[in-house]
S.K.: 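Submitted below is the structure of interest, expressed as structure tokens.
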Amino acid sequence: MTQTDSTNQRFHDITSTPMNFTIHAPGRVNLLGEHTDYNGLPVLPMAIQKTITLEGAERNDRHIRAWALDVSPDPVEFDLEPTIPKHPQGHWINYVKAGIQGILDSLSLEEQKNLHGCDIVISGTIPLGVGLSSSSALVTGSALAFLETNRLPINRVPLAERMAAAEHYVGTRGGGMDQATCLLGQKGHALKIDFFPLRANPVPLPDSTTIVVCDSRVRAKKTENALRLYNLRAVECRFAAMLLRAFLQSKDIPSDFQRLGDLFNSPWNYTYEDLIRLIAEGIQDMYSYQEICDQLVDEDEIRCILTDYSFENEREFSSMRFACGKRFRHIVTDGMRVEQSAKILHEGNAAEFGRLMNQGQVSARDDFEISCPELDRLVELALEYGTLGARLTGAGFGGCTVNLVERTKADAFVQHMRQAYYPDSDPSDESIFTSEPGPGAVIKRHEV
């Protein structure tokens with residue numbers, strides 16, 4: 001029996017139906033540009049060779065059955081309806097629902113009447129909760145499964161934008177990097193992704209290097225305190241944009257921008273250097289809640305923003321502090337590093353790219369404050385053992401570091417890091433692994 005036959009048989013044993021399609025949705029590692037995406041500035045991720053796999057079969061009704069084999073042998077079931085009710089926060093099925101809900105939201109009620117459900121069996125090789133976008137891969141893969149089930153067209157760029165919004169269903173208020181990388185990744189290349197509108201351009205990584213990912217083993221669960229910290233960074237960026245608008249208005253400069261990235265366009269046409277100067281002049285590093293209210297006047301709007309990002313305890317608002325200037329300083333300098341990296345990687349300058357990665361780590365640690373002692377230790381060890389560049393990757397507060405390593409030194413680097421940070425681990429443990437840039441999501445139909 002071939003591996004395909006064995007997989008088909010397993011699917012049939014689980015669902016009692018033949019398999020119609022398989023989707024491999026990759027995770028991603030971000031090389032540079034952390035938290036810049038939802039501010040309208042670019043990122044530089046790549047799809048990795050680890051995926052969430054969804055095996056599916058079409059149904060004749062409006063029912064969804066989903067199995068997560070790494071969690072439970074039992075399915076979770078729900079029906080298609082215009083607004084799909086959520087499971088309790090943190091349940092894995094909400095990520096499946098988010099992808100499907102994102103597709104439903106793009107269709108009229110009349111169009112939704114003709115849709116039918118599917119059986120989905122989910123497995124994967126992306127480590128969970130380590131900042132490699134397993135959750136976005138599941139959201140995006142679920143949307144692809146639903147589109148494939150209903151033979152709907154798959155247009156990857158608009159789908160990536162839709163899936164970024166779809167993740168709001170699970171309470172994550174990020175940008176579109178993870179979904180775009182999952183759908184648009186290219187083998188052998190990173191992607192320079194710009195936003196609003198979404199544009200993705202391949203950037204070659206030097207053949208002389210490889211990427212090594214190191215897991216800190218600190219789990220930054222987006223359903224717990226890390227979600228609160230993540231959303232606080234988004235709130236601080238929202239407030240920073242509002243403060244910057246007020247500052248521009250005080251100088252009779254047009255102030256009707258929505259995101260920081262808008263200021264590169266007409267009528268402002270600012271450069272990165274202009275923005276660094278503007279932030280230093282117009283935004284303090286730290287504000288109390290009362291200072292935010294005094295500066296921005298409309299306390300109701302401020303409370304609405306906090307509530308929109310899941311801060312609902314008004315009693316704690318008065319004790320909150322917002323590091324607006326520091327946050328925007330990181331966003332602008334990291335965006336600038338992405339722009340510089342795209343140019344130098346086309347020239348094959350690995351050493352300079354590594355230097356920019358190192359700068360990005362300092363900025364993420366000191367200005368955006370999303371590192372932790374374990375991530376700092378991994379970066380310190382990596383630099384000691386000869387990496388060209390090392391930095392945290394993903395939302396932060398735990399998860400992984402990403403390292404640019406000369407290919408001829410990769411085995412020795414992995415061995416040194418394993419001995420220093422994972423001394424008691426089994427040799428088969430994948431807390432540290434190498435990955436080449438992989439392709440975006442792959443869809444394969446099966447003849448029944």
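For this chain, numbers begin at 1 and follow the sequence in order. All values derive from a computational prediction rather than experimental measurement.
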S.K.: Can you give the donor-acceptor pairs under 3.5 Å from side chains of residues 25-35 to other protein atoms, not counting sequence neighbours?
M.R.:
unit_1	atom_1	unit_2	atom_2	d
R28	NE	D178	OD1	2.7
R28	NH1	G131	O	2.8
R28	NH2	D178	OD1	3.2
N30	ND2	G33	O	2.9
N30	ND2	E34	OE1	3.4
N30	ND2	E34	OE2	3.0
E34	OE1	R391	NH1	3.3
E34	OE1	R391	NH2	2.6
E34	OE1	G394	N	3.3
E34	OE2	G394	N	3.4
H35	ND1	Y38	OH	2.8
H35	NE2	A395	O	3.0

S.K.: Not counting sequence neighbours, which residues clear side chain to side chain donor-acceptor pair (under 3.5 Å) with T22? List them please.
M.R.: H446
S.K.: Under 3.5 Å, is there a donor-acceptor pair between the side chain of R156 and the main chain of A441?
M.R.: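 It does hold such a pair.
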S.K.: May I ask you to decide whether E436 forms a salt bridge with K187, counting only side-chain N to carboxylate O separations under 4.0 Å?
M.R.: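 Between K187 and E436 there is no salt bridge, as every charged N stays at least 4.0 Å from the carboxylate O atoms.
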S.K.: Can you check whether L260 reaches L244 side chain to side chain, under 4.5 Å on heavy atoms?
M.R.: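 Sidechains of L244 and L260: in contact.
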S.K.: With sequence neighbours excluded, what pairs up with Y272 under the ring pair (Phe, Tyr, Trp, His ring centres under 6.0 Å) test?
M.R.: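 F264.
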S.K.: Check ring pair (Phe, Tyr, Trp, His ring centres under 6.0 Å) between F146 and all other residues, then give those that pass, not counting sequence neighbours.
M.R.: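 With sequence neighbours excluded, F146 shows a ring pair (Phe, Tyr, Trp, His ring centres under 6.0 Å) to no residue whatsoever.
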S.K.: Any idea which heavy atoms bring A180 and I193 closest together, and the distance?
M.R.: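 Nearest pair, atom of A180 first, then I193: CB-CD1, 3.8 Å.
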S.K.: Could you check whether any side-chain N or O of S435 sits under 3.5 Å from a backbone N or O of Q49, counting only pairs where one atom can act as donor and the other as acceptor?
M.R.: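 The answer is yes, because a donor-acceptor pair under 3.5 Å joins these two groups.
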S.K.: Whether the side chain of E161 engages the backbone of L198 through a donor-acceptor N/O pair (distance < 3.5 Å, no angle test) should be reported.
M.R.: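 Yes: the side chain of E161 pairs with the backbone of L198.
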S.K.: Going by heavy atoms in the side chains, are K50 and F433 under 4.5 Å from each other?
M.R.: yes
S.K.: Using every non-hydrogen atom in the two residues, find where Y421 and D215 come nearest and quote the distance to one decimal.
M.R.: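 Looking at all heavy atoms of both residues, the closest pair is CE2-O, 3.9 Å.
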S.K.: Keeping the roles fixed (side chain from K86, backbone from N94), state whether a donor-acceptor pair exists under 3.5 Å.
M.R.: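 Answer holds: no.
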S.K.: Tell me whether the count of non-hydrogen atoms from other residues, nucleotides or ligands lying under 6.0 Å of CG in D207 goes above 12.
M.R.: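 No, because the 6.0 Å sphere around CG of D207 holds 12 heavy atoms or fewer from other groups.
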S.K.: Any non-hydrogen side-chain atom of L306 less than 4.5 Å from a side-chain atom of M320?
M.R.: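 Side chain of L306 against side chain of M320, heavy atoms only: contact under 4.5 Å found.
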S.K.: Kindly indicate, with the supporting measurements, whether the criterion side chain to side chain donor-acceptor pair (under 3.5 Å) is fulfilled by N39 and T36.
M.R.: CA-CA 5 Å; N39 287 285; T36 51; over 6 Å; no
S.K.: For K113, what residues pass the side chain to side chain donor-acceptor pair (under 3.5 Å) criterion, not counting sequence neighbours?
M.R.: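 Checked K113 against side chain to side chain donor-acceptor pair (under 3.5 Å); matches are E110.
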S.K.: What verdict does the side chain to side chain contact (heavy atoms under 4.5 Å, CB included) test give for L232 and Y309, after you've listed the backbone C-alpha separation in whole Å, the side-chain angles of each residue and the deciding distance to 0.1 Å?
M.R.: CA-CA 8 Å; L232 178 59; Y309 284 88; over 6 Å; no
S.K.: Could you tell me which non-hydrogen atom of D376 sits nearest to which non-hydrogen atom of Q361, and how far apart they are?
M.R.: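 Minimum heavy-atom contact is OD1-NE2, 3.4 Å.
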S.K.: Side chain to side chain contact (heavy atoms under 4.5 Å, CB included), that's the test. Do V96 and I122 meet it? Break it down for me.
M.R.: CA-CA 10 Å; V96 176; I122 302 163; 3.8 Å; yes
S.K.: Quick check: do V379 and L383 have side-chain heavy atoms less than 4.5 Å from each other?
M.R.: yes
S.K.: Charged N to carboxylate O below 4.0 Å: is that the case for R162 and D105?
M.R.: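 Between D105 and R162 there is no salt bridge, as every charged N stays at least 4.0 Å from the carboxylate O atoms.
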S.K.: To the closest 0.5 Å, what do you measure between OG1 (T307) and CG (N313)?
M.R.: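 Interatomic distance, T307 OG1 to N313 CG, rounded to 0.5 Å: 10.0 Å.
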S.K.: Can you find a side-chain donor-acceptor pair between E299 and Y289 that sits under 3.5 Å?
M.R.: yes
S.K.: Is it the case that R228 places NZ or CZ above or below the six-membered ring of F311, under 6.0 angstrom from the centre and within 45 degrees of the axis?
M.R.: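 No - R228 does not lie over the ring of F311 by the 6.0 Å and 45° rule.
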S.K.: Check whether any side-chain N or O of E281 sits under 3.5 Å from a backbone N or O of I276 as a donor-acceptor pair, and report yes or no.
M.R.: no
S.K.: With side-chain hydrogen bond (donor to acceptor under 3.5 Å, both in side chains) as the test, pick out the partner of E369 among R327, H330, R233.
M.R.: R327
S.K.: What is the minimum heavy-atom distance between D274 and N269, and which atoms define it?
M.R.: OD2-O, 4.5 Å
S.K.: Taking T181 for the side chain and A47 for the main chain, is one N or O donor matched with an acceptor at less than 3.5 Å?
M.R.: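 Looks like no, no N/O pair under 3.5 Å.
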S.K.: Is any side-chain heavy atom of P437 less than 4.5 Å from a side-chain heavy atom of L205?
M.R.: yes
S.K.: Does E316 CD have over 12 foreign heavy atoms under 6.0 Å away?
M.R.: yes
S.K.: Apply side chain to side chain contact (heavy atoms under 4.5 Å, CB included) to the pair D79 and H63, showing each step before the final yes or no.
M.R.: CA-CA 4 Å; D79 291 314; H63 197 60; 2.7 Å; yes
S.K.: Restricting to non-hydrogen atoms, name the atom on L104 and the atom on E81 that form the minimum distance, rounded to 0.1 Å.
M.R.: CD1-O, 3.4 Å
S.K.: Roughly how far apart are M417 CE and L381 CG, rounded to 0.5 Å?
M.R.: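 Reported value, rounded in 0.5 Å steps: 5.0 Å.
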S.K.: Are any non-hydrogen side-chain atoms of I154 and E148 less than 4.5 angstrom apart?
M.R.: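 The answer is yes, as the side chains (C-beta and beyond) meet within the 4.5 Å cut-off.
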S.K.: Using atom types as modelled and distance alone, determine if a side-chain donor or acceptor of D194 lies under 3.5 Å from a backbone N or O of L41.
M.R.: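 No: the side chain of D194 does not pair with the backbone of L41.
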S.K.: I need the K326 NZ to I331 CD1 distance, nearest 0.5 Å.
M.R.: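 Going from NZ on K326 over to CD1 on I331, the span is 13.5 Å.
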S.K.: F195: what forms a ring pair (Phe, Tyr, Trp, His ring centres under 6.0 Å) with it, not counting sequence neighbours?
M.R.: none
S.K.: Just wondering, more than 12 heavy atoms not from K409 lying within 6.0 Å of its NZ?
M.R.: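 No.
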S.K.: Taking atom OG of S133 and atom CE of M177, what is their separation to the nearest 0.5 Å?
M.R.: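 The OG atom of S133 sits 7.0 Å away from the CE atom of M177.
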S.K.: Please work out which of the three classes, parallel, tilted or perpendicular, describes the rings of F239 and F322, given edges at 30° and 60°.
M.R.: perpendicular
S.K.: Tell me whether R377 is salt-bridged to E374, with the criterion being a basic N under 4.0 Å from an acidic carboxylate O.
M.R.: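 A salt bridge is absent here (no side-chain N lies under 4.0 Å from a carboxylate O).
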S.K.: Using the rule given for side chain to side chain contact (heavy atoms under 4.5 Å, CB included), can you reason through N150 versus I103, listing the C-alpha separation, both sets of side-chain angles and the distance that settles it, and then say yes or no?
M.R.: CA-CA 11 Å; N150 288 282; I103 301 303; over 6 Å; no
S.K.: Counting N and O atoms only, with roles assigned by atom type, does the side chain of Y287 sit under 3.5 Å from a partner on the main chain of Q295, one being a donor and the other an acceptor?
M.R.: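 Between the backbone of Q295 and the side chain of Y287 there is no qualifying donor-acceptor contact (under 3.5 Å).
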S.K.: Is any side-chain heavy atom of D334 less than 4.5 Å from a side-chain heavy atom of F368?
M.R.: no
S.K.: For the OG atom of S136 and the OH atom of Y95, what is their distance to the nearest 0.5 Å?
M.R.: 8.5 Å
S.K.: Do L144 and L159 have side chains that get closer than 4.5 Å, going by heavy atoms?
M.R.: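 Yes, side chains in contact.
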S.K.: Work out which heavy atom in A382 is nearest to a heavy atom in N403; give both atom names and the distance.
M.R.: CB-OD1, 3.2 Å
S.K.: Between atom OG of S363 and atom CZ of R329, what is the distance when rounded to the nearest 0.5 Å?
M.R.: 8.0 Å
